[in-house]
Amino acid sequence: MKKLLLSALGLLALTLAGCSNNALTTNKTDYHPTALTAVIKGDAKTKTVHYRINNGATQTVNVKSGTYFFQVPASTKTQTVKVSAGTTHKTVTVHRVKALGNYRKLAAKYNQMTIASHLPAKVQKQLQAAQKNQATTQKS
């Protein structure tokens, strides 16, 4: 009787342990952004996966057919993404990207080109001629 009771308890413990299996995997531990985002992919045995970027707000993504994915925006600083499914946690690193340039300089050039494109054609030609003259005088 004791052996039967111990066997039943052991089987019940194994069954319940199998039910709480919250396996979580990611394809990589280090990601490099392509274009504007890094796509984090992986497998999970839960319905949802939660993630936090640099200890920010927690976000949720649904798991479909055992797989999940979400995008992390590119940044000029290395980012740490904490992914969790149930009681299982993974940490992923998204590497930084090089900045396009100084925002003020880039914005000034863009605004100048936008304003110049809305000028009358005659004035645009005069500005282009002045630019060429300025370039030749600087070479001299």
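Just so we're clear, the structure is a prediction, and the values are computed from it rather than from any experiment.
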Report yes if some heavy atom in the side chain of I40 is under 4.5 Å from a heavy atom in the side chain of V72; otherwise report no.
yes
Do the side-chain N and O atoms of T60 and H50 include a donor-acceptor pair separated by under 3.5 angstrom?
yes
How many angstroms lie between CG in L127 and CD in Q112, if you round to the nearest 0.5 Å?
9.0 Å
If I compare all heavy atoms of T78 with all of R96, which pair ends up nearest, and what's the gap?
N-CB, 3.7 Å
Looking at every heavy atom in both Y68 and V63, which two are closest together, and how far apart are they?
CB-CG2, 4.2 Å
How many angstroms lie between atom CG of N102 and atom NZ of K109, to the nearest 0.5 angstrom?
10.0 Å
Nearest 0.5 Å, please: how far is OG1 in T93 from NE2 in H32?
9.5 Å
Main-chain N/O of T80 paired to N54 side chain as donor or acceptor, under 3.5 Å:
yes
Shortest non-hydrogen contact from T46 toward G86:
CG2-N, 4.3 Å
P73 backbone acceptor or donor facing Q79 side chain under 3.5 Å:
yes
Can you see which heavy atom on P33 is nearest to which on A74, and at what distance?
CB-CB, 3.9 Å
For the residue pair K82 and N55, establish whether any side-chain heavy-atom pair is separated by less than 4.5 Å.
yes
Heavy-atom closest pair, residues F69 and V39
CD1-CG1, 4.0 Å
Does the side chain of Y31 reach to within under 4.5 Å of the side chain of V81, using non-hydrogen atoms?
no
Test item: L24 and V83 side chains (from C-beta on) under 4.5 Å apart, heavy atoms
yes
Side chain of T26, backbone of K28: donor and acceptor closer than 3.5 Å?
yes
Please confirm whether the backbone N or O of D43 pairs with a side-chain atom of T67, one donor and one acceptor, at under 3.5 Å?
no
To the nearest 0.5 Å, how far apart are OG1 in T25 and NZ in K41?
12.5 Å
Please confirm whether the backbone N or O of L119 pairs with a side-chain atom of Q124, one donor and one acceptor, at under 3.5 Å?
yes
To the nearest 0.5 Å, what is the distance between OH on Y110 and CD1 on I115?
11.0 Å
So does S84 get a backbone contact from the side chain of T88, meaning a donor-acceptor N/O pair under 3.5 Å?
no
Straight-line distance of K98 NZ to T76 OG1, nearest 0.5 Å:
13.0 Å
